[in-house]
Amino acid sequence: GIAWPIVRLSSGVRAICAGDYNQKIQVQSRDEIGELAESFNLMADRLKATIAKLVENQSYTENILRSLLNGVMTIDPDSRIIRINRSTENILNLPADRMVGEEISAVFDKNPSILELIQEGLENHQVKEGMETVLHREDGASIPIEISLSPLEDPGKPAGSKAGLVVLIRDLTEIQA
């Protein structure tokens, strides 16, 4: 009958929705239900391959960010920190969970000049490079840094829409010593 293959197909769809991309529907017939099962299997294979590629690309990007000596911080159009790398944690002497998801004003509250630079960068969508300033950390240390800003373009959004910002932070302590 038709009911059993539909039940298996429905079960496979639910499993994929739950994240199990290894689903296969056994094809025993050459009718429309068989074609549907073959299409499901092809879709499941392509979905699994696409997700594997995305995970690989994300891992590659994470490794690049982790290896950079300069701090990298991405900020969304609403002034919230989206992502940072380990060097940002080291330079600011703050753990990631105290920064990611927070507004920049909460992280740079002791640094009005840095806060102003970042807010201007968000508003003007302009690249600014090599601005030297002093970072006043929560632990009381003041360290010389260089900040560069670059608009974070979102290819999924129309041109001219609000963009985020990439902030590069370079610790100048060793250079100025």
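All figures in this text were calculated on a predicted structure; none of them were measured in a lab.
In this structure D76 satisfies the side-chain hydrogen bond (donor to acceptor under 3.5 Å, both in side chains) test with no other residue, sequence neighbours excluded. For R8, the salt bridge (charged side-chain N to carboxylate O under 4.0 Å, His left out) criterion is met by no residue, not counting sequence neighbours. Qualifying side-chain contact (heavy atoms from CB on, under 4.5 Å) partners for N93, counting only residues two or more places apart in sequence or in other chains: R137, D139. With sequence neighbours left out, the side-chain contact (heavy atoms from CB on, under 4.5 Å) criterion links L36 to L9. In terms of the side-chain contact (heavy atoms from CB on, under 4.5 Å) criterion, residue partners of E89 (sequence neighbours excluded) are, by chain and number, I84, R86, P95, A96, M99. Partners of E38 by salt bridge (charged side-chain N to carboxylate O under 4.0 Å, His left out), not counting sequence neighbours, listed by chain and number: R30. Every side-chain hydrogen bond (donor to acceptor under 3.5 Å, both in side chains) that K48 has, sequence neighbours left out, goes to N22. By the side-chain contact (heavy atoms from CB on, under 4.5 Å) test, A49 is found to be paired with no residue, residues two or more places apart in sequence or in another chain being considered. Annotation: salt bridge (charged side-chain N to carboxylate O under 4.0 Å, His left out) contacts of E56 (sequence neighbours excluded): K53. In this structure, the salt bridge (charged side-chain N to carboxylate O under 4.0 Å, His left out) partners of D78, at least two apart in sequence or on a different chain, are K162.
Here the closest heavy-atom approach between residue S142 and residue V134 is recorded as CB-CG1, 3.8 Å. Heavy atoms only, all atoms of each residue included: A37 and I25 are closest at CB-CG2, 3.7 Å. Between V127 and P151, the closest heavy-atom pair is CG2-CD, 3.8 Å. Contact detail for G121 and L149: the closest heavy-atom pair is CA-CD1, 4.1 Å. Closest approach of G130 to S148, counting heavy atoms only: N-OG, 3.1 Å.
For the atom pair OG of S150 and NZ of K128, the computed distance is 13.0 Å after rounding to the nearest 0.5 Å. One distance of note links OG1 of T173 with CD1 of I145; it measures 9.5 Å at 0.5 Å rounding. To the nearest 0.5 angstrom, I75 atom CD1 is 6.0 Å from I81 atom CD1. Note that CD1 of I51 is 14.5 Å distant from CZ of R46, once rounded to the nearest 0.5 Å.
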**OP:** Walk me through it: do D45 and Y21 pass the test side-chain contact (heavy atoms from CB on, under 4.5 Å)?
**Re:** CA-CA 8 Å; D45 288 343; Y21 304 107; over 6 Å; no

Subject >> side-chain contact (heavy atoms from CB on, under 4.5 Å) assessment of L172 paired with R170 >> reply: CA-CA 6 Å; L172 299 177; R170 182 173 170 214; 4.2 Å; yes

**OP:** Show the numbers, then the answer: is there a side chain to side chain donor-acceptor pair (under 3.5 Å) between N85 and T88?
**Re:** CA-CA 5 Å; N85 67 347; T88 301; 2.8 Å; yes

**OP:** Might you work through the side-chain contact (heavy atoms from CB on, under 4.5 Å) test for V72 and L168, ending with a clear yes or no?
**Re:** CA-CA 5 Å; V72 178; L168 295 178; 3.6 Å; yes

**OP:** Start with the C-alpha gap between V167 and I147, add the side-chain angles, then the distance that decides, and say whether side-chain contact (heavy atoms from CB on, under 4.5 Å) holds.
**Re:** CA-CA 7 Å; V167 180; I147 292 186; 4.0 Å; yes

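Within the 4.5 Å cutoff, the side chain of T74 has no heavy atoms near those of the L165 side chain. By the 4.5 Å heavy-atom criterion applied to side chains, F40 and K24 are not counted as neighbours. With a 4.5 Å cut-off on side-chain heavy atoms, I104 and S79 count as touching.
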Below 3.5 Å, can you tabulate the donor-acceptor pairs from side chains in residues 106-120 to any protein atom, sequence neighbours excluded?
{"from": "N111", "atom 1": "OD1", "to": "H136", "atom 2": "N", "distance (Å)": "2.7"}
{"from": "N111", "atom 1": "ND2", "to": "H136", "atom 2": "O", "distance (Å)": "3.0"}

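Residue pairs meeting the salt bridge (charged side-chain N to carboxylate O under 4.0 Å, His left out) criterion with at least one partner in residues 92-106, sequence neighbours excluded, are R80-E103, R98-E138.
Under a 3.5 Å cut-off, the side chain of S10 and the backbone N or O of I6 do not form any donor-acceptor pair.
Note: the hydrophobic cluster containing I82 does not contain L54 (ILVMFWY, side chain heavy atoms under 4.5 Å, direct or indirect links).
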